[in-house]
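Source: prediction; values computed, not measured. Numbered from 1 within each chain, the chains take letters A, B, ... in sequence-line order.
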There are 2 protein chains.
Amino acid sequence: MVLCDVPRPRNANATRQAILEAARERFCAESYDDVGMRDVARDVGVDAALISRYFGSKEDLFLSVLDSCKNGRDLMEGDRADFGQRLATEVVYGEAARCEADPTGEKMRGLLILLRSIGSTKAMDVVQRTANNRFFDPLTQWIGGEDAAVRARLASGLIMGMAIGRELSDGFSALTEEQRGRLRDRMAKALQGLIDG
Amino acid sequence: MVLCDVPRPRNANATRQAILEAARERFCAESYDDVGMRDVARDVGVDAALISRYFGSKEDLFLSVLDSCKNGRDLMEGDRADFGQRLATEVVYGEAARCEADPTGEKMRGLLILLRSIGSTKAMDVVQRTANNRFFDPLTQWIGGEDAAVRARLASGLIMGMAIGRELSDGFSALTEEQRGRLRDRMAKALQGLIDG
DNA sequence: TGGCCTTGTCATCAGGCGTTGACAAGCGTC
DNA sequence: GACGCTTGTCAACGCCTGATGACAAGGCCA
């Protein structure tokens with residue numbers, strides 16, 4: 001069956017970009033292993049072979065996607081006293097966990113992609129390296145002062161764990177709206193306590 | 001090449017048990033997708049077809065492994081005032097994260113298996129259900145009182161996130177022994193604060 | 001209009017997966 | 001000793017994956 005849609009204009013840059021965005025969405029919603037080249041290609045309306053030509057291997061595509069995401073530093077920009085509140089809001093309410101295109105979720109996307117593919121042995125090296133370079137190290141530096149490394153581990157642990165808990169519980173759907181608010185507030189307070197020491 | 005080891009004595013129960021233990025170890029070290037029936041079979045020294053006969057499908061094997069693990073309630077037995085300290089020790093020092101056979105790590109194993117296979121769409125249903133039935137719900141009930149559900153989400157989030165951070169950083173190998181101690185203490189305090197309210 | 005580089009498609013490959021049904025070997029029982 | 005049930009092996013199936021090289025078609029330039 002041939003779909004009667006307009007053919008994609010021949011534009012390598014645009015196509016490459018479209019592939020990158022489709023892949024980003026896929027890697028945000030599924031693990032490295034579960035994302036297929038053919039799936040991404042279908043999303044774009046292109047043959048899977050083209051991805052190999054433009055990006056090389058699947059791992060290279062994954063790397064390109066991670067590079068195209070916002071850096072972990074973006075999570076820290078803003079008033080330091082609001083860090084807990086900002087991050088808690090992002091995790092509890094952010095549509096980030098659903099990978100929509102809202103500017104709010106944008107900042108979490110890189111981290112969420114990493115969390116999705118945790119556990120995949122094929123992606124482990126890349127995930128470990130990126131998590132450290134892009135998140136742990138900047139966070140440690142940003143926290144600064146005594147025991148910065150230790151506090152960074154704790155803060156990132158809470159953030160990652162809550163992001164995962166969100167996935168495990170379908171976006172905290174079992175909680176009432178009021179409970180979600182208290183979850184946000186408690187998490188904000190705990191997180192702020194961890195980075196303030 | 002035929003290995004000249006003694007043939008496995010014909011004992012269905014023992015073989016079934018050996019398969020279950022090998023699978024438990026595998027699922028503890030790799031994700032659902034990365035664990036192959038042939039790998040498990042090789043560990044036991046048996047043909048992969050036998051696993052299908054004894055356990056049915058791969059998903060059934062995964063379920064059997066989860067059933068064979070200690071329940072989340074075991075994490076809560078003991079003095080409530082020590083909960084944070086116990087769990088933090090388990091996460092920071094426990095060889096649990098390496099899935100060895102020490103009695104200490106035993107209690108975390110079920111949770112670690114779930115965390116390993118988070119992100120696998122094939123195992124998602126089982127993981128979600130088990131995480132809720134075995135961990136979140138008992139923890140919520142155990143915490144009790146006001147906002148128990150909210151506090152359980154936070155506590156389990158911190159535990160899960162730190163367990164994942166442990167994997168991501170090769171068992172906190174970048175930290176000195178002294179820093180690990182402080183990490184344990186800070187985590188214990190934070191965790192205790194979350195469940196006490 | 002004819003050549004030619006670029007862009008995209010197609011068929012195909014080798015390899016891995018979980019699963020299946022037919023077959024071999026052990027072992028107790030009559 | 002022969003039967004028959006249990007336990008385990010083997011070869012194969014169908015399916016899916018990422019990757020490759022040959023080929024078709026668009027579009028610019030002379």
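The 5' end of DNA chain D is approached more closely, in terms of each residue's nearest nucleotide, by A:D39 than by the other of A:A49 and A:D39. Along DNA chain D, the nucleotide nearest B:L50 and the nucleotide nearest A:D33 are compared for position; the residue whose nucleotide lies closer to the 5' end is B:L50.
The distance between atom CG of A:N11 and atom P of D:dC28, rounded to the nearest whole Å, is 11 Å. Rounded to an integer number of Å, the gap from A:D34 CG to C:dG16 P is 19 Å. Spacing between atom NZ of B:K122 and atom P of D:dC16 amounts to 11 Å, rounded to whole angstrom units. The distance between atom CG of A:N13 and atom P of C:dT6, rounded to the nearest whole Å, is 13 Å. Atom-to-atom, CG of B:D47 to P of D:dT9 comes out at 6 Å; the value is rounded to the nearest Å. Atom C1' of nucleotide D:dT17 and atom CG of A:L61 are separated by 15 Å, given to the nearest angstrom. For the pair B:M37 CE and D:dC13 C1', the interatomic distance rounds to 18 Å; values are reported in whole Å. We find that CD1 of B:I51 is positioned 9 Å from P of C:dG18, with the value rounded to whole Å.
Contact check, A:T15 against C:dT7: no side-chain N or O comes under 4.0 Å of OP1 or OP2.
When the nucleotides C:dT9, C:dT19, D:dG18 are ranked by their closest atom to the side chain of B:K58, C:dT19 comes out on top. Nearest nucleotide to the side chain of B:R53, out of C:dT9, C:dT19, D:dG8: D:dG8. The side chain of A:R10 has D:dG27 as its nearest neighbour among C:dA25, D:dG27, D:dA19. Comparing C:dT19, C:dG8, D:dG21 against the side chain of B:S52 picks out C:dT19 as the nearest.
Contact annotation for B:F55: no contact, since no heavy-atom pair falls under 4.0 Å across all strands. The residue A:A12 sits close only to the backbone: its heavy atoms come under 4.0 Å of sugar-phosphate atoms, none of a base. Among the protein residues, B:V40 comes within range of no part of the nucleic acid, since none of its heavy atoms lies under 4.0 Å from any strand. Using a 4.0 Å heavy-atom distance criterion, B:V35 is classed as a sugar-phosphate-only contact.
Relative to the ring axis of A:F172, B:R153 does not place its NZ or CZ within 45° and under 6.0 Å from the centre.
No side-chain donor-acceptor contact under 3.5 Å links A:K58 to the backbone of A:G36.
Looking only at atom types and distance, the side chain of A:D137 has no donor-acceptor partner in the side chain of A:T140 under 3.5 Å away.
Taking only distance into account, the side chain of B:R38 never meets the base of C:dG16 through a donor-acceptor pair shorter than 3.5 Å.
Checked for salt-bridge contact, A:E146 and A:R151 miss the test: no charged N lies under 4.0 Å from a carboxylate O.
Hydrophobic clustering (ILVMFWY, side-chain heavy atoms < 4.5 Å, transitive): B:Y93 and B:I164 are in one cluster.
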